[in-house]
A.B. asks: 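Below: one structure in structure tokens.
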Amino acid sequence: MKIKVLLVDDHLLVMHGIQQLLENEIDLEVVNTVCDPALLETEIKKHNPNVVVMDIRMKNDNGIEWVRKIAQTYPTCKVVILSGYNYDEYIQAAYEAGAYAFVTKESSVFELANAIRQTYLGVKSFPINRLDHCNSPLTKTELDILQLISEDKTNAEISELLHISRRTVEHHVSSILRKLDADSRVGAVVKAIKLGLIG
Amino acid sequence: MVRLFMIGCCLAIFNLLLSLFYDIHFKLGILINTLLICLFIVYDLIDKGLEPLQMRKWHGKQEEIQKEKLAILQELLNGKHLQYCAKLIADLIHKTIDVSGVCIVWKHDHSPTVLHKTGMFRHFHDSELLSYACQSSHFYKMTMNEKSVFFYPMNIDDALIGWMMIGEKTNATVFDNEEQKLMKKIQMDAIELFTSSKTLQQIENQLKKTTEESRMSEQSHWLLLHEHEEEKRKVSTFLHDEVLQHLILLLNKLEWLIQKKNIDKKLFEDMKGLLQRDIFEIREMCHELYPVMVEDLGLKQGLSSLKRKCETNYNVIVEVNYIANLKIIPPFLSIQAFRIIKELVYNAIKHSSSRKIVVTVEETQQFLSIQVKDYGVGFKVPDHLLELSQTNHLGLITIQKRVHQLNGTLTIHSELGVGTCISVSLPITVEEGGGNENQSIISR
Ligand SMILES: Nc1ncnc2c1ncn2[C@@H]1O[C@H](COP(=O)(O)OP(=O)(O)OP(=O)(O)O)[C@@H](O)[C@H]1O
Ligand SMILES: [Mg+2]
């Protein structure tokens, strides 16, 4: 028996893209796609899906509210959040509302399919502990930036030194912190010295 | 009539007394009486004849004073105030009476200053002159360097606003009646002039202040317009220089991939990295433009993401204390509060050099109260925040405008070397528009 999946997203193009990708998975069946969350309840009643995959943010609706509602009214129907935002706060909010998984939209279809399977089995999967990023090696640029951070350079200075935009520096710094599982710049430097990444 | 009656009475009494003490012949009596009547008439005639002469002299002086008064008023209107006023009054006194000197003291806001001095008073230093402060609210006389000096206080409603010191006449004679009358008149007029001059000065200061304020407000509006344009420029260049370039690059790489017909791992990783970077940057840009998270998840979550972002990108610790009270905060208010807090936190990062920033938000029954505190260098809070617009600082002004629009209050407290604490209180039931003036600025 296939896992029945209902897709909800007010972005038609994205939804159909995901639908196509998911249909390649033999154990999954997309029973329907819903563009307008107002129709969601009728569709759930009609298809009784095992898993609802939905965006956290739709133009006129708050995905979190929907998760809460579905979790309360249709306990057999588990929710996977697919989000354009990957901020921890969204992940936390989805978890608290009763979702089973949180997947960012840029993740591979493999990750999404996996999350759906886990959810179907009743296993929650959230990128909360950032395990999926930990211990992956730092890139050359990231190491350079880490070195500069340890020299107490600000992002603005780093951006000038390396000829990259401020935002790009921010991207690298947040990636460094994630990979080193650190909360702050100081924390990252301490960890990097311990690991022998910088001198 | 009265005069005739008086003369009659005098005569009757005189005759009565005369007849009491002397036994006078009737004829002699008539003679004496006639003589007396003639005497009265002559006196009256002389008096009447001289009157126009006296009056002319008095009127002459009066007219002169009137003329001078007009001149002084004219000068006042031309914006030359107290000093000039004093000089003119001194000149007037010199013209009217031949005195050895005039010194006019103005008791402005408790500390007296010498506005103008002439003649004998020139030989004294201001501080010396002030040491002979006017001690009473009535005219009195004293001696300075063996010369008589007369104090004429100037009072408004029992409050002493200044005084005139007049040196004795050059011929050392005393003031006669008429001169005293003239001095009294000049004294009155001086008081009148000084008060109007003071009022005028106040009005002028107010006008200056208002003009300056409106000029600064103009300037800040202009800057805000520019800021608005600058924001759009930023978004546009971001889309063009970053996103678009990367998309083009990716397209080229994709085509190359197709041509090579095999999946090159390195190339793929390249493309993935590029895309991930774009996704991150666009996300950040969106969050900066509009903190949608605050709308979706609430102010508390928004602040926790702000904290993380600051701690990631700057060497600071941001402590967030959110004291919730199960209040429903309208999303619009949350967004405004978030923007205010964000600017205050970034200000503390940019300007204070404090390593720690404490953000406290409390939902009370009626208010959302916000406090952002740092332990950094502090700054001199301008009397009027609009002054900041002249040096292109818009953050605090924008906050003030927002708070004003939301009927809230803003309090800035900053002490050099100790730190800055800015509090904002916003009423939770937001009504559209309106504004108030409950804004206070404290600086030490
Ligand atoms: N926490 C603070 N500590 C020390 N100085 C401060 C602090 N906050 C503000 N200031 C001073 O007040 C000035 C005005 O701040 P404001 O936010 O209005 O402008 P700005 O930050 O310089 O520029 P922007 O328009 O980009 O915000 C700053 O230039 C700074 O000198
Ligand atoms: Mg600022």
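Residue numbering restarts at 1 for every chain, and letters A, B, ... go by the order of the sequence lines. Fair warning: this is a prediction, and the values are worked out from it, not measured in the lab.
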A.B. asks: State, yes or no, whether a side-chain contact exists between A:S175 and B:Q276 at a heavy-atom distance under 4.5 Å.
C.D. replies: no
A.B. asks: Got more than 12 heavy atoms from elsewhere within 6.0 Å of NZ, A:K46?
C.D. replies: no
A.B. asks: Does CG in A:L13 sit with more than 12 non-hydrogen atoms of other residues, nucleotides or ligands closer than 6.0 Å?
C.D. replies: no
A.B. asks: Are B:R308 and A:L177 close enough that some pair of their side-chain heavy atoms sits under 4.5 Å apart?
C.D. replies: no
A.B. asks: Does CD in A:E160 sit with more than 12 non-hydrogen atoms of other residues, nucleotides or ligands closer than 6.0 Å?
C.D. replies: no
A.B. asks: State, yes or no, whether a side-chain contact exists between A:I64 and B:D296 at a heavy-atom distance under 4.5 Å.
C.D. replies: no
A.B. asks: Looking at B:F238, does the NZ or CZ of A:R167 lie under 6.0 angstrom from its six-membered ring centre and within 45 degrees of the ring axis?
C.D. replies: yes
A.B. asks: In terms of heavy-atom pairs under 4.5 Å, which option from A:A156, A:S174, A:G63 contacts chain B the most?
C.D. replies: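 Option with the greatest count: A:S174.
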A.B. asks: Heavy-atom distance under 4.5 Å to chain A: side chain of B:V292, backbone, both or neither?
C.D. replies: both
A.B. asks: For B:Q301 and A:E89, indicate whether the former's side chain and the latter's backbone hold a donor-acceptor pair under 3.5 Å.
C.D. replies: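 Answer holds: no.
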A.B. asks: Hey, what do you get for CZ (B:R283) to OH (A:Y85), rounding to the nearest 0.5 Å?
C.D. replies: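 Here the interatomic distance stands at 9.0 Å.
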A.B. asks: Count the heavy atoms of every other residue, nucleotide or ligand shown that sit under 6.0 Å from NZ of A:K69, and state whether that count exceeds 12.
C.D. replies: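 Result for NZ/A:K69: open.
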A.B. asks: Give me the one residue out of A:N155, A:D152, A:T154 that meets side-chain hydrogen bond (donor to acceptor under 3.5 Å, both in side chains) with B:N315.
C.D. replies: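 Among A:N155, A:D152, A:T154, the one that satisfies the side-chain hydrogen bond (donor to acceptor under 3.5 Å, both in side chains) with B:N315 is A:D152.
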A.B. asks: With a 4.5 Å cut-off on side-chain heavy atoms, are A:Y87 and B:L297 touching?
C.D. replies: no
A.B. asks: Working note: A:E170 + B:T312, criterion side chain to side chain contact (heavy atoms under 4.5 Å, CB included); need CA distance, chi angles, decisive distance, verdict.
C.D. replies: CA-CA 8 Å; A:E170 288 179 12; B:T312 304; over 6 Å; no
A.B. asks: Write down the atom of B:E281, the atom of A:S165, and the distance for their closest heavy-atom approach.
C.D. replies: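 In terms of heavy atoms, the two residues are closest at OE2-OG, 4.2 Å.
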A.B. asks: Checking B:E269 against chain A: side chain, backbone, both or neither under 4.5 Å from a heavy atom?
C.D. replies: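 B:E269 has no heavy atom closer than 4.5 Å to chain A.
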A.B. asks: Using a cut-off of under 4.5 Å on heavy-atom pairs, state which of B:K300, B:E295, B:E284, B:H287 scores highest against chain A.
C.D. replies: B:E284
A.B. asks: More than 12 foreign heavy atoms under 6.0 Å from NZ of B:K327: is that the case here?
C.D. replies: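 Enclosed: over 12 neighbouring heavy atoms sit under 6.0 Å from NZ of B:K327.
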A.B. asks: Answer whether the closest heavy-atom distance between the side chains of B:E311 and A:D183 falls below 4.5 Å.
C.D. replies: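 Not touching, per the 4.5 Å side-chain cut-off.
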A.B. asks: Other residues, nucleotides and ligands only: do more than 12 of their heavy atoms fall within 6.0 Å of CG on A:L121?
C.D. replies: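 Yes, because the 6.0 Å sphere around CG of A:L121 holds more than 12 heavy atoms from other groups.
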A.B. asks: Using a 6.0 Å cut-off, check whether atom CD1 of B:I328 has over 12 heavy atoms from anything other than its own residue.
C.D. replies: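 Counting neighbours around CD1 of B:I328, 12 or fewer heavy atoms of other residues, nucleotides or ligands fall under 6.0 Å, so no.
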A.B. asks: For A:H11, does the NE2 atom have more than 12 heavy-atom neighbours from other residues, nucleotides or ligands under 6.0 Å away?
C.D. replies: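 Result for NE2/A:H11: open.
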